Number of protein chains: 2
Amino acid sequence: MSLTDLKFSIDPNIKTPMWLQIRNELFDCLYKDILRPGQLIPNEKTLVELFNVSIGTIRKAIGALEKEGILIRKQGLGTFVCQHDDQSFLFKFFHIFFNDSDVRHIPEVELASFEMRKANKTEMKLLNIPKENDKVFHIYNKLGFQGKVHSVDKIVIATAKFPLLTKEILVNRHNTIYNLFQNKFNVFITHTSERIKATLVDKKISQMLGIEMGTPILKIERLGYTFHDEIVELRTSYVNTTEVEYIRDQYSLVGE
Amino acid sequence: MSLTDLKFSIDPNIKTPMWLQIRNELFDCLYKDILRPGQLIPNEKTLVELFNVSIGTIRKAIGALEKEGILIRKQGLGTFVCQHDDQSFLFKFFHIFFNDSDVRHIPEVELASFEMRKANKTEMKLLNIPKENDKVFHIYNKLGFQGKVHSVDKIVIATAKFPLLTKEILVNRHNTIYNLFQNKFNVFITHTSERIKATLVDKKISQMLGIEMGTPILKIERLGYTFHDEIVELRTSYVNTTEVEYIRDQYSLVGE
DNA sequence: CAGTGGTCTAGACCACCCT
DNA sequence: GGGTGGTCTAGACCACTGG
């Protein structure tokens, strides 16, 4: 099914501006899997005919989706659907830096454990897990650099959303886990929400981090969202901030 | 000095697009204090004559500044320079929420101490302090809600940038401290950068927070920037995350 | 080279806000 | 009603990309 096979009718008489209607139609195509990450969308002239509006209106719609990080325009090439392969996405959701350094590092990731479980109450609720299939994957990753582990991530995802995920698939990926979600399971993480607390490390995590019990660490609880604000990942990160820090730059942008 | 008194010449032949040249000219006016926070800028038609371009080009320039959070358009009213009074700015740089709650609260702020000191080496360097005037203000604030203190902020600013600041001015403000910076000292905080660690609270801060020594807390080191990436504020926040959390939402926006 | 998006124009009409 | 920004049009020309 291709975009150009569809029929769209944009109504100039309703309150919603035509460019927003077009933006929403395109957005829906992404959700309905007619457009996929990385894909080239039809050029502006084609879209003009498809939606029967002027090119300026098309450009405004595409501009909005570009601002949202959903499309990316490349002059001379075309307009593409964004994907987690892109360089800019690599560090979008990774906020750990070395102390007093502006150098980002790609963390070494080691799978510590992988198992299937019955979802608990919180997991059922947050991940909106169906009763017929109430299993979840629990994944523990160790993150570090030059052999030194600085973080442990606990990831919980529904088997319903990630069918046939295996330990091997996880270990053999050659990119971020969000790239795997996107390419193998067609789950695109659009945004995340994190809550950070300071705690004393417990026995289990201290062993994984290789530090003494009772050391202060960051506990970061992340919700990973996909389209329509659906939560698809629960992640808890435990960070030993002896040698790394959690970083955030905040602009007085309307955005964020 | 008003914007309309100036003469601008936009060059259509150079590589930089005209809309970007106009954006930069307007941005410079802000920096040069010809435009001030809250001020109404000339309407689009006037700008068309001032810059001698078509209205679409003006709109593109203003649109860019709006995206950056520098201007705000209000239909039927005009286009204004953003300021820290605006509702959206209130929580832009305040990231503390109650546990498991989406409700933001306006913190109760109590000045704990205010003094002038000689700047140390780090402060000299980061705040780019001149040798002739190497004094800084050290401000300690206690932040809380319903009488319970959850954070202590240590703020360091150069006396050169904030001349004649007194304890009274600080205490009697009726808005955020960034609003005070903007209105009394013409220093507009454009963005901040934060580095977060987990530590055990020391004696001094534990007393201010009213908790036992050795409790794990967040230590957040913030740099406050103004135009041209000039650092004007050093802030260290100590947060007791027993009842509150540090929150961050991250969209796969290009921006942040 | 042909095809793409990027810039720019010179209008028209609409929706909103204040007086 | 008079002024503001918001939407939309129908073009023209430029700059970049790949083959």
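Computed from a prediction, not measured in an experiment: that's the story for all the values here. Each chain gets a letter, A, B and so on, in the order the sequences are listed, and its residues count up from 1.
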Q) Please give, in whole Å, the distance from C/dT4 P to A/Leu40 CG? A) 9 Å
Q: For A/Asn43 and C/dG3, give me the distance from atom CG to atom P, rounded to whole Å.
A: 10 Å
Q | With B/Lys142 via side-chain hydrogen bond (donor to acceptor under 3.5 Å, both in side chains) - residues at least two apart | A | none
Q: Specify the separation, in whole Å, of atom CD1 of B/Ile41 and atom C1' of D/dG3.
A: 15 Å
Q.
I'd like to know if A/Glu25 pairs up with A/Lys32 as an ion pair, taking the criterion as any Lys NZ or Arg NE/NH1/NH2 lying under 4.0 Å from an Asp or Glu carboxylate oxygen.
A. no
Q) Is A/Glu194 salt-bridged to B/Arg248, cutoff N-O under 4.0 Å? A) no
Q) Rounded to the Å, how far apart are A/Phe80 CZ and C/dT4 P? A) 11 Å
Q | Distance, nearest 0.5 Å, that separates CG of A/Asp249 from CZ of B/Arg222 | A | 11.5 Å
Q: Check whether the side chains of B/His105 and B/Gln146 place a donor and an acceptor atom closer than 3.5 Å, and report yes or no.
A: no
Nucleotide N/O to protein N/O under 3.5 Å, stretch nucleotides 6-10 of chain C:
{"from": "C/dG6", "atom 1": "OP2", "to": "A/Arg59", "atom 2": "NH1", "distance (Å)": "3.4"}
{"from": "C/dG6", "atom 1": "OP2", "to": "A/Arg59", "atom 2": "NH2", "distance (Å)": "3.2"}
{"from": "C/dG6", "atom 1": "OP2", "to": "A/Arg73", "atom 2": "NE", "distance (Å)": "3.4"}
{"from": "C/dG6", "atom 1": "O4'", "to": "A/Gln75", "atom 2": "NE2", "distance (Å)": "3.2"}
{"from": "C/dT7", "atom 1": "OP1", "to": "B/Trp19", "atom 2": "NE1", "distance (Å)": "3.1"}
{"from": "C/dT7", "atom 1": "OP2", "to": "B/Lys60", "atom 2": "NZ", "distance (Å)": "2.8"}
{"from": "C/dC8", "atom 1": "OP1", "to": "B/Met18", "atom 2": "N", "distance (Å)": "2.5"}
{"from": "C/dC8", "atom 1": "OP2", "to": "B/Met18", "atom 2": "N", "distance (Å)": "3.3"}
{"from": "C/dC8", "atom 1": "OP2", "to": "B/Trp19", "atom 2": "N", "distance (Å)": "3.1"}
{"from": "C/dT9", "atom 1": "OP2", "to": "B/Ser54", "atom 2": "N", "distance (Å)": "2.7"}
{"from": "C/dT9", "atom 1": "OP2", "to": "B/Thr57", "atom 2": "OG1", "distance (Å)": "2.4"}

Q: Determine yes or no for a side-chain-to-main-chain donor-acceptor pair under 3.5 angstrom, with A/Glu49 supplying the side chain and A/Thr46 the backbone.
A: no
Q: Rounded off to whole Å, could you give me the CG-to-P distance for the B/Asn13 and D/dC14 pair?
A: 11 Å
